[in-house]
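Here the structure is laid out as structure tokens; the discussion comes afterwards.
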Amino acid sequence: ITELSQRINESDLVVGANTGFVHLADSLRRPTVMVFIDVDPSHIGVMTPGISASVGDKGVVPEASAVLQAVDALTARPATSAPATGSVSA
């Protein structure tokens, strides 16, 4: 766990599902996007302004574009204008 914490702390961005590791990234104040599909993010999501964001919702798989928009907002990258070629799936 110590090594994983160090690697997360060195990361420029963490994107993942609702796991302890994503919560750890948020607590370490690393740019973090948490993806939800089975749980309401208002209860356990990460939402530190300028640091982290949660996308998706209980029973709703977020579009890849929503995840990319959250990444762009947290990393101060220009918004992605081209359609995403990948997808987020359960």
Side-chain angles (χ1 to χ4, degrees):
I1 297 236
T2 300
E3 184 178 341
L4 180 60
S5 297
Q6 291 169 342
R7 292 197 181 245
I8 289 172
N9 198 40
E10 295 168 356
S11 298
D12 293 327
L13 173 70
V14 175
V15 178
N18 176 24
T19 65
F21 301 120
V22 179
H23 285 281
L24 177 61
D26 181 52
S27 70
L28 291 171
R29 303 193 58 79
R30 305 310 309 147
T32 305
V33 177
M34 185 179 281
V35 180
F36 284 86
I37 58 171
D38 289 331
V39 180
D40 180 352
S42 67
H43 297 289
I44 55 174
V46 294
M47 295 175 232
T48 306
I51 299 294
S52 60
S54 294
V55 295
D57 206 340
K58 184 174 184 176
V60 179
V61 176
E63 296 290 327
S65 60
V67 177
L68 292 173
Q69 286 175 344
V71 167
D72 290 341
L74 294 175
T75 60
R77 295 183 329 160
T80 305
S81 57
T85 57
S87 65
V88 177
S89 61

Exercise for the section: For residues Leu74 and Ile51, determine if any side-chain heavy atom of one lies less than 4.5 Å from a side-chain heavy atom of the other. Expected result: no
Exercise for the section: For the residue pair Val33 and Ser52, establish whether any side-chain heavy-atom pair is separated by less than 4.5 Å. Expected result: no
Could you pull out every donor-acceptor pair under 3.5 Å between side chains of residues 12-21 and any protein atom, sequence neighbours left out?
{"from": "Asn18", "atom 1": "OD1", "to": "His23", "atom 2": "NE2", "distance (Å)": "3.2"}
{"from": "Thr19", "atom 1": "OG1", "to": "Phe21", "atom 2": "N", "distance (Å)": "3.4"}
{"from": "Thr19", "atom 1": "OG1", "to": "Val22", "atom 2": "N", "distance (Å)": "3.3"}

Problem - salt bridge (charged side-chain N to carboxylate O under 4.0 Å, His left out) partners for Glu10, two or more places apart - result: none
Problem - Hydrophobic cluster membership, Val39 vs Val46, 4.5 Å side-chain cutoff - result: yes
Fill in the blank from the handout: Taken to the nearest 0.5 Å, the spacing of Leu4 CG from Asn9 CG works out to 11.0 Å
Problem - From Ser54 atom OG to Met34 atom CE, the distance as rounded to the nearest 0.5 Å - result: 5.5 Å
Exercise for the section: Indicate whether the side chain of Thr48 and that of Asp26 have a donor and an acceptor atom separated by less than 3.5 Å. Expected result: yes
Problem - For Arg29, all residues meeting salt bridge (charged side-chain N to carboxylate O under 4.0 Å, His left out), sequence neighbours excluded - result: none
Handout entry: Residues in side-chain hydrogen bond (donor to acceptor under 3.5 Å, both in side chains) contact with Ser5, at least two apart in sequence or another chain
Key = none
Handout entry: Whether Ser65 side chain and Glu63 backbone form a donor-acceptor pair below 3.5 Å
Key = no
Exercise for the section: Quick one: pull up OG in Ser11 and CD1 in Ile8 and give me the separation to the nearest 0.5 Å. Expected result: 6.5 Å
Exercise for the section: Check side chain to side chain contact (heavy atoms under 4.5 Å, CB included) between Asp57 and all other residues, then give those that pass, not counting sequence neighbours. Expected result: Asp40, Pro41, Val60
